[in-house]
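Order of listing sets the numbers, starting from 1, for every ligand and every atom in it.
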Amino acid sequence: MLLVLSCSLWQVSQAAPVVNEGSITDACVLKAWTLLQNITHALTQRNLFRGIDCTKQSLELNVKTNTESVCAPTKSTCFGAAESKFNQESCLTNIGEDLLHYYKFLATQPDPNSILGPTVLLSLRELMENCFSWTWPTDVATEPASAHPSSYNERLSLCKVLKGFHLRTITINRVMGYMNSGDHTE
Ligand SMILES: *[C@@H]1O[C@H](CO)[C@@H](O)[C@H](O)[C@H]1NC(C)=O
């Protein structure tokens, strides 16, 4: 039933994510989950991180958004009064900005073995276009550009950013599941 409310029906808007009254569709929850799977898989690809033990590196989060705090579920006091009301609009805006931030970064990484392009970048783009209805910014490359081999520093930075993206995508999955359940409107 819910699948009938396809993401693609969402209207195309300006340079901001669509804020839809009501719930995130099942299809969007699935797309977010696919993205998480693809990032998890990419992190195991030794080819991407040659000369680096990525598991031992620290992660780098996008500090330009406040997704964690803005998207925290409504908290209730023990008397049942809402302490902080969940704000779907600013939560979705923060998530949309996260997705664009990571897209811009990943699209400019060397990807000589086409590890990121057909997986992470593709599922990221699907999520952005279908569930956040971005009007694709003109300064964003739509194809992974460079096929040249990555330098050590590029691989190191890719590892850290991808680990941060992984953590953020776990949050995004949790939040989208929450919005999908409809609990946030109660
Ligand atoms: C991306 O993740 C989905 C869901 O796990 C999987 O079906 C698909 O094969 C993955 N894509 C690639 C190319 O790894």
Side-chain angles (χ1 to χ4, degrees), residues 1-10 17-18 20 23-57 59-62 65 67-68 71 91-92 94-134 136-137 140-150 154-181:
M1 258 300 271
L2 276 174
L3 282 170
V4 176
L5 303 166
S6 157
C7 295
S8 59
L9 292 177
W10 292 18
V18 155
N20 191 30
S23 292
I24 291 283
T25 63
D26 290 1
C28 290
V29 171
L30 195 63
K31 284 184 201 304
W33 186 81
T34 302
L35 174 63
L36 181 57
Q37 300 304 305
N38 292 161
I39 297 170
T40 307
H41 185 251
L43 279 169
T44 67
Q45 299 305 297
R46 284 158 174 257
N47 245 335
L48 277 181
F49 313 113
R50 237 169 335 102
I52 294 159
D53 184 350
C54 190
T55 60
K56 295 215 167 76
Q57 302 302 321
L59 58 82
E60 227 171 77
L61 274 176
N62 178 17
T65 57
T67 310
E68 299 287 341
C71 295
C91 174
L92 284 175
N94 274 264
I95 292 177
E97 281 166 8
D98 274 334
L99 298 179
L100 184 62
H101 167 85
Y102 286 111
Y103 191 93
K104 280 181 171 172
F105 174 84
L106 292 172
T108 55
Q109 297 305 298
D111 190 19
N113 302 308
S114 294
I115 296 173
L116 295 173
T119 63
V120 176
L121 267 175
L122 184 68
S123 49
L124 176 53
R125 217 187 140 161
E126 282 255 301
L127 181 62
M128 291 167 77
E129 288 185 345
N130 295 300
C131 304
F132 289 83
S133 297
W134 290 95
W136 208 249
V140 176
T142 50
E143 295 298 329
S146 38
H148 73 82
S150 55
E154 283 172 330
R155 293 195 296 278
L156 185 59
S157 131
L158 175 63
C159 160
K160 294 180 168 194
V161 172
L162 208 51
K163 285 179 89 163
F165 189 26
H166 184 250
L167 186 65
R168 186 54 46 92
T169 305
I170 292 173
T171 303
I172 292 171
N173 269 263
R174 196 177 60 222
V175 171
M176 288 180 74
Y178 174 66
M179 289 187 199
N180 176 251
S181 72

With sequence neighbours left out, write down each residue that passes side-chain contact (heavy atoms from CB on, under 4.5 Å) with Thr65, or none if nothing qualifies. Asn62, Thr67, Asn94, Glu97, Asp98, Arg168

Pairs satisfying ring pair (Phe, Tyr, Trp, His ring centres under 6.0 Å), at least one member in residues 154-175, at least two apart: Tyr102-Phe165

Please name the pair of heavy atoms, one in Val120 and one in Ala42, separated by the smallest distance, quoted to 0.1 Å. CG2-CB, 3.9 Å

Would you mind writing out a table of all protein N or O atoms found under 3.5 Å from any N or O atom of ligand 1, naming both atoms and giving the distance to 0.1 Å?
unit_1   : atom_1 : unit_2 : atom_2 : d
ligand 1 : 2 (O)  : Asn38  : ND2    : 2.3
ligand 1 : 11 (N) : Asn38  : ND2    : 3.1

Would you say the side chain of Ser123 lies within less than 4.5 Å of the side chain of Gln37, judging by non-hydrogen atoms? no

Check: Met176 main-chain N/O paired with Asn180 side-chain donor or acceptor under 3.5 Å: no

Donor-acceptor list for residues 43-50 side chains, cut-off 3.5 Å, not counting sequence neighbours:
unit_1 : atom_1 : unit_2 : atom_2 : d
Thr44  : OG1    : His41  : O      : 2.6
Gln45  : NE2    : His41  : O      : 3.4
Gln45  : NE2    : His41  : NE2    : 3.4

